[in-house]
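Reviewing the structure listed below.
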Number of protein chains: 2
Amino acid sequence: MTEKRATIQDVANLAKVSITTVSRVLNKNYPVKDATKKKVEEAIERLSYKPNMLARGLIQNKTQTIGILTPSIENLFFSEVIKGIDAYIKKERYTSFLCNTEGKANYESLMADNLLERSVDGIISIDPQTELIRSGFYEALAKKIPTVLINGYNKGVQCNFILNDQEVGTYEALKYLIKLGHRTIAFLRGKRSHSYDIKESVYRKFMKDNGLEIIEDRILVVNSGNDLETVQQSRELLKKRLKKGAGFTALFACNDWMAVGALNAVNRLGLSVKNDLSIIGFDNTIISQISEPQLTTVDQNMNRLGVLAAKRIKEIIKEKDTEIKKILLDTRLVIRKSTRELKQGNK
Amino acid sequence: MTEKRATIQDVANLAKVSITTVSRVLNKNYPVKDATKKKVEEAIERLSYKPNMLARGLIQNKTQTIGILTPSIENLFFSEVIKGIDAYIKKERYTSFLCNTEGKANYESLMADNLLERSVDGIISIDPQTELIRSGFYEALAKKIPTVLINGYNKGVQCNFILNDQEVGTYEALKYLIKLGHRTIAFLRGKRSHSYDIKESVYRKFMKDNGLEIIEDRILVVNSGNDLETVQQSRELLKKRLKKGAGFTALFACNDWMAVGALNAVNRLGLSVKNDLSIIGFDNTIISQISEPQLTTVDQNMNRLGVLAAKRIKEIIKEKDTEIKKILLDTRLVIRKSTRELKQGNK
DNA sequence: TCATTTATAGAAAAGGTTTTCTATAACTAT
DNA sequence: ATAGTTATAGAAAACCTTTTCTATAAATGA
């Protein structure tokens with residue numbers, strides 16, 4: 001049993017002017033005499049009138065709304081990106097429709113349709129599903145509506161991408177491990193994600209470049225579900241490996257959760273980073289600063305990723321720049337306490 | 001330069017019927033001959049027509065959209081609640097507008113207005129600002145639009161509330177510490193939040209009930225900002241205290257982040273939960289399962305909080321139940337490794 | 001056979017704005 | 001004075017739907 005909202009007509013009646021005039025006062029896009037303006041403003045105030053964005057959106061064909069597709073909301077990686085988007089968007093007086101796709105391609109396409117129906121002005125998709133990119137879904141979407149993809153870059157796909165240079169990030173991290181004297185480096189990844197694939201291929205290339213043997217047995221894979229599961233599975237996997245003598249002195253993990261899981265395993269077995277296993281993570285999420293010891297990791301500046309995506313989509317909306325661009329952001333190795341120089345004698 | 005969207009008129013033209021008929025095929029709310037229906041469906045398919053929700057919303061005065069106000073998106077507490085809301089909402093074919101108020105009252109009211117302008121069907125506010133509740137803002141809002149508040153309960157305020165029974169939760173946690181033999185219990189809270197106030201008053205009552213002295217010096221306060229800052233500040237604060245001999249053997253922290261910060265302090269000083277300080281957290285966020293040792297904490301079942309809020313708001317929207325209700329959810333003490341029986345001889 | 005119902009479908013109104021078009025009065029410039 | 005601006009404001013069209021009202025033909029019932 002909610003009150004009825006005042007309309008522009010109500011305001012016009014009270015102020016004894018036409019709705020046209022009210023609209024003009026509201027939008028300040030046409031001269032109105034000070035006296036009438038005052039009358040109108042008083043009426044607006046009195047009725048606590050709020051314009052109906054549906055009607056406005058319908059006629060102007062824009063809604064000051066950006067749709068965001070994200071695979072998860074609880075993951076700190078994504079929430080940081082979203083915060084970045086949000087901060088920029090807010091400044092530009094936009095609002096966002098946030099859709100949690102749960103990392104499922106069918107949800108992702110359904111929700112993109114939903115956003116389209118709701119006439120959002122643009123869509124930002126975070127970590128879009130590879131199959132949708134490859135199938136041309138996003139290229140088709142981009143023809144209907146300004147679209148920016150964060151990560152998920154695929155060569156040859158005609159879309160606007162913003163992404164971190166994970167390849168360089170991975171390479172630098174591995175280089176650091178070598179510099180510390182490590183020669184036997186394991187690689188820990190989740191089951192399927194474009195970014196894991198990229199990192200793995202960099203890992204392989206790196207090992208080859210440095211004349212190190214690639215032992216398939218040192219490429220560890222967890223069934224990544226949510227963050228907690230990822231931690232738990234990494235922990236169990238590493239425990240099993242460490243118990244029987246790992247056969248490696250350093251571990252590159254594809255994200256901080258996996259790294260923390262590995263760290264947990266080390267701790268629980270009474271081993272240590274110092275003597276047994278150096279661990280490097282990826283993402284520099286809050287967890288990497290809270291873990292004990294704190295994680296060495298690769299910072300992706302996720303917030304900036306979000307800000308740039310938002311900025312880019314605004315450019316496209318305003319059609320200042322209709323070109324298709326791929327924007328690469330630098331990563332940064334953050335050295336903390338989970339990586340140690342390999343002692344002579346260890347192997 | 002985006003393609004123009006097909007309208008219902010385009011479909012009608014292609015199928016050689018009236019728009020009325022197309023609408024009927026779309027909404028299945030009126031009989032249409034099979035032959036015509038087929039023609040229309042083909043036209044829809046061919047034009048890949050998607051109805052314009054703005055127009056539909058305008059005339060039906062409902063948008064199948066729920067607005068969510070949250071103080072933070074990165075905080076795991078809130079994201080779990082949001083996930084709960086989302087899960088229920090999705091089932092009911094609603095979409096959500098998620099607004100990050102950053103815990104600022106002025107943003108919160110501004111964004112509520114924004115949601116109103118966008119004709120959402122209902123608003124769920126997570127941890128609403130106390131000053132807005134007290135000032136009557138939410139009571140006024142609830143008259144304009146179905147509204148449900150998660151937490152922030154204030155006596156006498158005529159709003160629909162869903163909340164955890166934090167009082168019982170706090171009491172149970174403290175009781176457990178006593179059961180372990182602790183007599184000197186400190187209380188760690190953030191600067192200002194309704195929930196901290198509640199917990200503190202329970203703490204005071206509990207101490208009195210059990211004939212324990214309340215020493216003001218054992219009520220510790222951190223300047224809670226974001227999660228990372230909370231952890232860091234708790235860590236530093238506890239380090240300082242522990243160094244000079246804490247004067248207490250157990251600590252009740254108002255949330256898991258504070259608890260983890262305290263745990264960090266214990267670890268870094270080479271002390272232990274076993275011998276020096278039992279710590280109990282609140283919320284049972286993922287972090288409590290990842291920390292070493294794992295945290296004893298109070299589970300609030302945040303997901304369920306979200307689900308119930310969503311369910312409640314649907315009821316209100318459908319006007320099945322226009323009563324004002326306060327729904328209290330049980331909490332549950334989760335015993336893990338950060339609390340230990342007090343050894344005789346310690347004090 | 002005539003009146004009534006039923007199935008089907010179109011015309012037009014309604015929803016709340018913005019925008020274009022038109023109108024009037026008051027200036028300005030010749 | 002006369003024509004051309006300028007400032008101001010209203011009427012009406014447009015945006016894309018759903019819904020109500022009206023209409024026709026076929027089916028049913030008496």
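This one's a predicted model, so the numbers in the text were calculated from it and none came from an experiment. Labels below follow one simple rule: chain letters A, B, ... track the order of the sequence lines, proteins then strands, and each chain is numbered from 1.
A donor-acceptor contact closer than 3.5 angstrom links the side chains of A:Ser18 and A:Thr21. Under 3.5 Å, the side chains of B:Arg118 and B:Asn114 contain a donor-acceptor pair of N or O atoms. Residues B:Arg24 and B:Asn29 have side chains that never bring a donor and an acceptor to within less than 3.5 angstrom of each other. Between A:Tyr138 and A:Glu108, the side chains place a donor N or O and an acceptor N or O closer than 3.5 Å (distance only, hydrogens not considered). For the 3.5 Å distance criterion, the side chains of B:Arg5 and A:Ser119 qualify, holding a donor opposite an acceptor.
On a pure distance criterion of 3.5 Å, a polar donor-acceptor pair joins the side chain of B:Thr20 and the base of C:dA11. Within 3.5 Å, a donor on the side chain of A:Arg24 pairs with an acceptor on the base of D:dG10, or the reverse.
Of the side-chain N and O atoms in B:Gln60, none sit less than 4.0 angstrom from OP1 or OP2 of D:dT17. An OP1 or OP2 oxygen of D:dC15 is reached within less than 4.0 angstrom by no side-chain nitrogen or oxygen of B:Asn52. Proximity of A:Tyr49 to the phosphate of C:dT17: a side-chain N or O atom is located under 4.0 Å from OP1 or OP2.
Residue-to-nucleotide proximity on DNA chain C shows that, of B:Lys33 and B:Ala55, the 5′-proximal contact is made by B:Lys33.
Here the P atom of nucleotide C:dT17 and the CD1 atom of A:Ile44 are 10 Å apart, to the nearest Å. Atom CD of B:Gln9 is separated from atom P of C:dG10 by 11 Å (rounded to the nearest Å). One can place CD1 of A:Ile19 at 13 Å from P of D:dA13, the figure rounded to the nearest angstrom. One interatomic measurement links the two molecules: CG of A:Leu26 to P of C:dT18, which rounds to 6 Å at whole-angstrom precision. Taking atom CD of residue A:Gln64 and atom P of nucleotide C:dT17, one finds them 17 Å apart after rounding to whole Å. Between the CD1 atom of B:Ile59 and the P atom of D:dT17 there is a distance of 11 Å, rounded to whole Å. A:Arg118 has its CZ atom 15 Å from the C1' atom of D:dT17, to the nearest Å. Nucleotide C:dA7 holds its P atom 14 Å from the NZ atom of B:Lys37, rounded to whole Å.
Of the charged side-chain nitrogens involved, none lies within less than 4.0 Å of a carboxylate oxygen, so that A:Glu3 and B:Lys144 do not count as a salt-bridged pair.
B:Ser23 comes within 4.0 angstrom of a base, heavy atoms only. Using a 4.0 Å heavy-atom cutoff across all strands shown, B:Thr21 reaches sugar-phosphate atoms only and no base atom. Counting non-hydrogen atoms under 4.0 angstrom, A:Asn27 reaches the backbone sugars and phosphates but no base.
Between its two ends, the helix from C:dT1-D:dA30 to C:dT30-D:dA1 turns its axis by 50°, counting five pairs per end and rounding to 10 degrees.
With distances taken from any side-chain atom of B:Arg56 to the nucleotides C:dT17, C:dA11, D:dT18, the minimum falls on D:dT18.
In this structure, B:Lys314 forms no cation-pi arrangement with B:Tyr88, as its terminal cationic atom is not both closer than 6.0 Å to the ring centre and no more than 45° off the ring axis.
The aromatic rings of B:Phe97 and A:Phe97 sit parallel, their planes meeting at an angle under 30°, below the 60° perpendicular limit.
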